[in-house]
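Presented below is the structure to which this report refers.
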Amino acid sequence: LFAFLCRHARVAVDAHDIFQDKLDHGDLLRRFNWNKQQEVCKGAMQALAAESDAAWNEGYWGGSADFGHVCPGWIRLLDKGFSGILAEAEARLVSCTDPAQREFYGTVRTTYAAIVDYLNRLADAVEPVVADSAAVLRAIAARPPETTREALQTIYSFFSLHEFVSGGRDRSMGRLDKELRRFYRADLARGVSEAELRETFRFFLYKIWVARVPFDQPLELGGMDAGGAEVTNELSRMIIEEYDGLDIHSPKIHVRVSASTPTDFLLRVVDTIRRGHSSIVLCNDDVVIRSLVKAGISRAEAEDYVMIGCYEAAAYGCEIPCTGNAGMNLLKAFEKALADGVQTYGELYEHFEHYTKYAIDRALNAVREWERHYREIYPDALLSGTFASCLARGRDAYDGGVKYNNSSLTVASIGSTVDAFMMLKKFVIDEHALTLDEFRKVLAGNWRGHEKLRRRIRACAKRYGNGDP
C-alpha cells in the first residue's frame, strides 16, 4: 500500500515552498495500522486490554502498545541516502537464504524503491514551477545529499512519508547541529552565503511549525558526542537565532547542557526562553548519561543520546525506546492503602508498597504481551532502513532488529505522594491531631467541616522539594 501511494497518489506543487512534499495519501496506512491494532485488542489482547483500560479509567495503571516514540537513524539516512539504503537491501537480498530475512529485505527494497520513484515523480511535477526544487528532489533520489538544502529535503521527505503517509511517528529530528554541520560548512566553503543558509533553515523550521504534529516536533542541539567532545557549534547558534525570530513553539528544541556547554550559546538559549519565543527543554547531560548507562546503554552510546518526545532520552541510531508504553499513579496506590483501614504508619507503607508493585507488575505484563504483537501490528520497513543493525540482522525495528529495545513506565504524582505521606505523618502520627480512622472520614467527606485543618495542612512547609530529608 505504501508503494502504491508513492507511485500513484496525486502530488501537488506549492510554488512558494522550498521543501516540496505534497502527496494525497488519504490517511489510508494510518487507518490500516490502527485497524490491525484494534483486531489484536479485540482478539488475543482482549482480556488484558480490558483490565488495563479499567485500571486506567480508575486513575491507577495502564499498559499498551507504543509506536509513537522513536527517532530514526538520521545520520545513516544522510550518509547513505534513500538510494543507498535501497542498494544495501538489494545486495543483502541477493546473498540471503533465510526466508524471514528475505521477506524483510524485500520489504525494505520495495519501500525505498517506491520512495525513489515518488521523489522523481514529484520532481517531474515541480520542475515547470520551481526548477531548483526539482533538481534537489532528483539529486536525493539518486544519491546521498551533498548540500544543506538537499540534507534538509532528505530529512523532511522522510519525515513527511513516515509521519503522514505510513502512519509512524518521528518524535525527534535528531541532533540537527551535529547531523548538518558538515553540509553547512561545505556550503560556506563553496561560496553559499550565510544569509542564504539562514533563510533555508528558517524555512525548514517554519515548515515543521505548519505541519502541526501532535505535541510539537522535537529536535536536539548541543551536548557531547560519543567520546565526550562538545558538539555545540556555529550551526547550533544559528538555529536558535532563527528559531527565536520566528516566534513559534514547534519544533520543540531539546538543548543538551553540561560543564562544557559554551556560555555564549547557553545565554542565547535562556534569552530566547526569557522573551517567550520558545518551546525549549534544557537537558542535564551528566544526569541523562548516567541514567542511560544504568539502563544498560554503553557509555559511548549514552554520550551520544538523543531526546525524543517530551524529554525522554534514547541511544541515538540504535534504540527503539517506546517511552509511552505504560504508567502508574503513586497517589492512587496511597489512596488504596489508606482505604484498607490500616492503623499504623508502617502498615500504611506496607500496603502502599503492595499496590505500587502490583500496578507496576500488571502494567509491564500488559506491555510485554502487547510487544509480542508488534511485528503483526506495525512492521516498519521505512524506519528499519535507517538502522544499520536492522539490515545486518535482517529483522524489522519492531521485531528485534535494533540493538536496544527498551520500554518504559511513567510514574506519576511522586511529589504529591510524598506530600501525602509527610502530612499524614505530621498531623496524624506525630501531632495526633486526629486518628487514622478520623482522617479517612475527613477525606471521604472531602474536608467538609474541617476547613481549618485543611488550611493548616496546606500551609505546612514540610513538602517534597523543600529540603527536608
Side-chain angles (χ1 to χ4, degrees), residues 2-3 6 19 21 70-96 101-102 104-120 122-123 135-163 165-166 168 170 172-187 204 219 225-226 301 304 306 314-320 379-398 401-404:
F2 176 83
C6 283
F19 303 106
D21 68 315
V70 298
C71 177
W74 294 112
I75 291 179
R76 173 178 163 81
L77 176 64
L78 294 173
D79 285 345
K80 298 184 77 68
F82 296 110
S83 59
I85 294 173
L86 169 60
E88 182 178 354
E90 289 176 332
R92 290 185 179 275
L93 181 61
V94 169
S95 61
C96 179
Q101 291 179 325
R102 285 187 60 81
F104 170 73
Y105 291 133
T107 305
V108 174
R109 179 185 64 177
T110 299
T111 299
Y112 278 80
I115 294 172
V116 170
D117 289 347
Y118 157 71
L119 292 171
N120 283 317
L122 185 58
V136 170
L137 291 168
R138 293 196 197 284
I140 66 171
R143 56 165 172 75
E146 296 177 354
T147 68
T148 301
R149 183 170 171 185
E150 289 176 2
L152 288 172
Q153 179 71 66
T154 298
I155 291 172
Y156 200 86
S157 293
F158 183 98
F159 167 73
S160 64
L161 289 170
H162 194 234
E163 181 88 16
V165 181
S166 81
D170 295 331
S172 178
M173 294 291 196
R175 308 190 64 182
L176 209 61
D177 49 355
K178 178 182 177 181
E179 295 159 9
L180 299 177
R181 174 176 50 191
R182 58 188 166 114
F183 301 102
Y184 172 74
R185 290 177 177 175
D187 278 348
F204 179 78
L219 61 85
D225 62 12
E301 289 163 333
D304 194 30
V306 61
Y316 190 26
C318 55
E319 181 179 1
I320 295 291
D380 195 342
L382 180 53
L383 176 67
S384 299
T386 69
F387 292 110
S389 59
C390 288
L391 274 294
R393 297 176 181 180
R395 302 183 69 173
D396 189 87
Y398 288 112
V402 177
K403 182 176 181 179
Y404 299 110

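Not measured: the values here are computed from a predicted model. Computation of the quantities below employed the complete heavy-atom set of this structure, encompassing side-chain atoms and omitting hydrogens, waters and symmetry-equivalent molecules.
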- Under the side-chain contact (heavy atoms from CB on, under 4.5 Å) rule, collect the residues that match up with Val402, sequence neighbours excluded.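 With neighbours one apart ignored, the set is Ile320, Phe387, Ser389, Cys390, Ala397, Asn405.
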
- Ala226: partners by side-chain contact (heavy atoms from CB on, under 4.5 Å), with sequence neighbours left out: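 Per chain and number, Ala226 pairs via side-chain contact (heavy atoms from CB on, under 4.5 Å) with Ala300, Asp304.
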
Expected output: side-chain [X] to main-chain [Y] donor-acceptor under 3.5 Å:
X	Y	answer
Arg102	Leu93	yes
Tyr105	Glu88	no
Glu319	Tyr404	no
Tyr316	Glu301	no
Asp187	Thr148	yes
Glu150	Glu146	yes
Glu179	Arg175	yes
Ser157	Thr154	no

Can you name the nearest heavy-atom pair linking [X] to [Y], along with the distance?
X	Y	result
Ala381	Thr111	CB-OG1, 3.5 Å
Phe2	Leu161	CE1-O, 4.1 Å
Val70	Tyr398	CG1-OH, 3.3 Å
Ala3	Ala114	CA-CB, 3.6 Å
Ile85	Gly385	CD1-O, 3.4 Å
Arg76	Ala388	CD-N, 3.5 Å

Pairwise side-chain contact, [X] with [Y], heavy-atom cut-off 4.5 Å (strictly under):
X	Y	answer
Gln153	Leu119	no
Trp74	Leu219	no
Ser384	Phe104	yes
Leu382	Ile115	yes
Leu152	Phe183	no
Leu78	Pro145	yes

Reported [atom1]-to-[atom2] distance for the pair [X] and [Y], which is rounded to 0.5 angstrom:
X	Y	atom1	atom2	value
Leu383	Asp396	CG	CG	8.0 Å
Tyr156	Phe204	OH	CZ	8.0 Å
Asp117	Leu122	CG	CG	12.5 Å
Tyr118	Phe82	OH	CZ	9.5 Å

